[in-house]
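The next block holds one structure in the form of structure tokens; read it before the comments.
Just so it is clear: chains get the letters A, B, ... in the order the sequence lines come, proteins before strands, and each one is counted from 1.
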2 protein chains.
Amino acid sequence: MTRWLDADEQRTWRNFLSATQLVNEALDRQLQRDAAMPHAYYMILVALSEAPERRMRMSELAARAQSSQSRLSHAVARLEERGWVRRDRCPEDRRGNIAVLTDDGFAAIAAAAPGHVAEVRRSLFDVLTPDQVRALDEICATVRNTLER
Amino acid sequence: MTRWLDADEQRTWRNFLSATQLVNEALDRQLQRDAAMPHAYYMILVALSEAPERRMRMSELAARAQSSQSRLSHAVARLEERGWVRRDRCPEDRRGNIAVLTDDGFAAIAAAAPGHVAEVRRSLFDVLTPDQVRALDEICATVRNTLER
DNA sequence: ACCAAGTATATGAGAGTTCAAGTAAATTGA
DNA sequence: TCAATTTACTTGAACTCTCATATACTTGGT
């Protein structure tokens, strides 16, 4: 009953797996090497740095940083140990926590950003034509809208 | 000096991260739920199952399964515990090891494959038009050829 | 006011990954 | 021929992630 992948689909699928893994590995290696953090942490810090007053509820932060709640909890615990994030109790909902980016945290991400952007360009944008970038954007938006939630 | 991402590039980049992460999470969840293995293990078993006599040198297997040598070593150790893979010493190069897919291992992957292929279709091929699939193939091939090695 | 159900987050255990270092065998080259 | 280098693979520790479970608070009926 299974509709197997034909030769073209196999090729596409394997190219997809290779390409996405290579990009992710390049990102992670660069960040780990130059900024001592995994990409997941970087995304958390970026999300916080863009929030008003650099503070956000944990659950919203999880959504923005594309993290599960559990992963975020663990990550923020580590980031707190480094002094990059602080947790405030939420006054209007006392179950809630608010993650706050500290000045040290902001400095850390400001220092990490240029190298990271360079790596993003090196591993993705620089190797594609403008048309390919446009196509990729649409493809990813479609996938995202379909699978999200 | 940093050339930051403009608004379009930001959108593309975030769509790319979301889409690829969603696909990978869907794959991993399906395999973990229905076949009790992570995607990385699945790729190792697939690579072995396609090899002549279902056996391959560790280093070549790492390349085919897109795994680091260290990851592969750990993974094969686990797969060996399950009785899905065996390790033979390599006669002509006694440093080498040859991973061999056992009958149980072959049965495991044969059982896992249909659900996995279904998930691949659900999360990628079914949501894209044929043109998009072709474009994605080219894009990923380009990225792959650039970053590989 | 009370209790059941739902929500927000944390926590712990188990598993996989990475990185650095370790072992063993092959190769190089003086 | 033998020391130095390189190659193949493994190992251990540190870290992150996932999943299941726990905790604390809130909400919606009754």
task = Indicate yes or no: at least one non-hydrogen side-chain atom of H116(B) is less than 4.5 angstrom from one of L31(B).
result = yes

Rounded to whole Å, the CZ-C1' distance (R94(B) to dT10(D)) equals 18 Å

Discussion item. Base, sugar-phosphate or nothing for D28(A)? Non-hydrogen atoms, less than 4.0 Å.
Written reply: nothing

In whole angstroms, the gap separating P of dT10(D) from CG of N97(B) amounts to 5 Å

(Q) Taking the side chain as everything from C-beta on, heavy atoms only, tell me whether Q30(B) gets closer than 4.5 Å to H39(B). (A) no

Exercise for review: Ignoring backbone atoms, test whether R89(B) places a side-chain nitrogen or oxygen under 4.0 Å from the OP1 or OP2 oxygen of dC9(D).
Suggested key: no

So, with a heavy-atom separation below 4.0 Å from DNA chain D, the residues of residues 52-85 of chain B are R57(B), M58(B), S59(B), Q69(B), S70(B), S73(B), H74(B)

In short, the helix from dA1(C)-dT30(D) to dA30(C)-dT1(D) is bent end to end, axes from five pairs each side, to 10°, by 20°

Sorted by position of nearest nucleotide on DNA chain C, 5' first, the leading residue of E25(A) and R95(B) is E25(A)

Check your understanding: Under 4.0 Å between a side-chain N or O of Y41(A) and OP1 or OP2 of dC15(D)?
Key -> no

In the 5' to 3' direction, the nucleotides of DNA chain C bounding the stretch that comes under 4.0 Å of a heavy atom in chain A are dG6(C) to dC19(C)

Check the pair N97(B), R87(B) against side-chain hydrogen bond (donor to acceptor under 3.5 Å, both in side chains), reporting the backbone distance first and the verdict last.
-> CA-CA 6 Å; N97(B) 264 346; R87(B) 262 185 281 216; over 6 Å; no

